[in-house]
Amino acid sequence: MLALVDEAAADGREEFRPLTELSPEERRQVVTLPPSIARLTAVKHLVLYGSNLVRIPPEIGAMSSLEEFTPYTSYRLHWFPYEITRCRKLSRSTVSTRALFGNYKLRPPFPRLPTATGPVAGLDLGNLDPRRWGATAIHSCSVCDRPVAPDGLHQVWMSLSVATDVLPLLVNACSTECVTELPAGFQDYIPTPHQGGRVE
């Protein structure tokens, strides 16, 4: 996958369909994309149809030309990084919404985040368990893009309209101030940032 991203970045292609170039066995092993997708600044359409992905890295926010996002039938993909909201040109998406946390029809609960209140102390933000924190490393704030201090991580969930879908978004904020700057949740979804579990 790293080589495919490097190749796409080098040739400046506008459509990136990495999974079509992998064998079925290789596709099953790909559970995330590499952070180097930040280099895909010419890509307008990212196609991840039928993937085995469980997460998208926050570096997707650097894909400044992205207009269309198609992770359809990626049934293990239950949430997205808040940084996807930085893709200002993104206007079309095709997501299997029934698989998403908090979706309108089924309302599957959001997982409870590791802390109930306040920052998370004593973490090595460069070496995280992605099953618990949603990433292998967290370097910058999802909201302001400033560095996150080891004892300053605030994680919250939001449901916002992104392109043509309402997506559950994981926010890695550097402070309570950045959490308060988040927009209101989408209509008929949880209206404020929250930490998962049973939320009314």
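On a predicted model such as this, the values are computed, not experimentally measured, just so you know.
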Do other residues, nucleotides or ligands put more than 12 heavy atoms under 6.0 Å from the CD atom of Gln187? no
If you define the side chain from C-beta out and look only at heavy atoms, does anything of Leu48 sit under 4.5 Å from Leu33? yes
List the steps, then state whether side-chain contact (heavy atoms from CB on, under 4.5 Å) holds for Leu46 with Ile60. CA-CA 10 Å; Leu46 177 58; Ile60 192 173; 4.2 Å; yes
Side chains of Leu2 and Ser36, heavy atoms from C-beta outward: is any pair under 4.5 Å? yes
Of all heavy-atom pairs linking Val148 and Ser140, the shortest is CG2-C, 3.5 Å
Shortest non-hydrogen separation from Arg17 to Thr20 and the atoms involved: O-OG1, 2.8 Å
Atom of Val143, atom of Arg86 and distance for their closest heavy-atom approach: N-NH2, 4.2 Å
Quick check for you: to the nearest 0.5 Å, what is the distance between Glu14 atom CD and Glu68 atom CD? 12.5 Å
Between SG on residue Cys174 and CD1 on residue Ile138, distance to nearest 0.5 Å: 12.0 Å
Please answer whether the main-chain N or O of Gly102 pairs with a side-chain N or O of Ser159 as donor and acceptor at a distance below 3.5 Å. no
Shortest non-hydrogen separation from Ser91 to Thr164 and the atoms involved: O-CG2, 3.6 Å
Same hydrophobic cluster for Ile56 and Val47, using side-chain heavy-atom links shorter than 4.5 Å among ILVMFWY? no
For Glu181, what residues pass the salt bridge (Lys or Arg N to Asp or Glu O under 4.0 Å) criterion, not counting sequence neighbours? none
Could you go step by step and tell me if Glu7 and Arg13 meet the side-chain contact (heavy atoms from CB on, under 4.5 Å) rule? CA-CA 9 Å; Glu7 182 182 317; Arg13 72 186 67 174; 3.1 Å; yes
So for atom OH, which belongs to Tyr72, do other residues, nucleotides or ligands contribute more than 12 heavy atoms lying within a distance under 6.0 Å? no
Paired with Trp157, the ring pair (Phe, Tyr, Trp, His ring centres under 6.0 Å) test is passed by just one of Phe110, Tyr82, Phe80, namely Phe110
Would you say Val95 and Phe16 are hydrophobically clustered, going by side-chain heavy atoms of ILVMFWY under 4.5 Å? yes
Does any non-hydrogen side-chain atom of Tyr189 lie less than 4.5 Å from one of Leu160? no
Please check this pair: side chain of Ser65 against backbone of Thr41, looking for a donor-acceptor N/O pair closer than 3.5 Å. yes
How long is the straight-line distance from CD of Glu15 back to CD of Glu67, given to the nearest 0.5 Å? 11.5 Å
Can you list everything that forms a side-chain contact (heavy atoms from CB on, under 4.5 Å) with Thr73? Sequence neighbours excluded, please. Tyr49, Tyr75, Ser96
If I compare all heavy atoms of Cys87 with all of Met63, which pair ends up nearest, and what's the gap? SG-O, 3.8 Å
In this structure, would Val171 and Leu100 fall into the same cluster of hydrophobic residues linked by side-chain contacts under 4.5 Å? yes
Are Val5 and Leu19 co-members of a hydrophobic cluster defined by side-chain heavy atoms under 4.5 Å apart? yes
Where is the tightest heavy-atom contact between Leu170 and Leu113, given as atom of each residue plus distance? CD1-CD2, 3.9 Å
To the nearest 0.5 Å, what is the distance between CZ on Arg55 and OG1 on Thr32? 4.5 Å
Any donor-acceptor N/O pair, Ser51 side chain to Leu53 backbone, under 3.5 Å: yes
Whether His45 side chain and Val43 backbone form a donor-acceptor pair below 3.5 Å: no
Are Pro18 and Met1 close enough that some pair of their side-chain heavy atoms sits under 4.5 Å apart? yes
My understanding is that only residues two or more places apart in sequence, or in another chain, count here; which of them pass side-chain contact (heavy atoms from CB on, under 4.5 Å) with Arg98? Lys105, Leu106
Within this structure, what is the OG-CG distance for the pair Ser64 and Leu90, rounded to the nearest 0.5 Å? 12.0 Å
Joint hydrophobic cluster, Trp79 plus Ile84, side-chain heavy atoms closer than 4.5 Å: no
Identify whether the distance between the nearest side-chain nitrogen and carboxylate oxygen of Glu59 and Arg39 falls below 4.0 Å. no
Let me confirm one number: the OH-CG distance from Tyr104 to Asp188, rounded to the nearest 0.5 Å. 5.0 Å
Please tell me whether Arg76 and Asn52 have a donor and an acceptor in their side chains that are separated by less than 3.5 angstrom. yes
Determine whether Val162 and Leu169 make a side-chain contact, defined as any pair of heavy atoms from C-beta on separated by less than 4.5 Å. yes
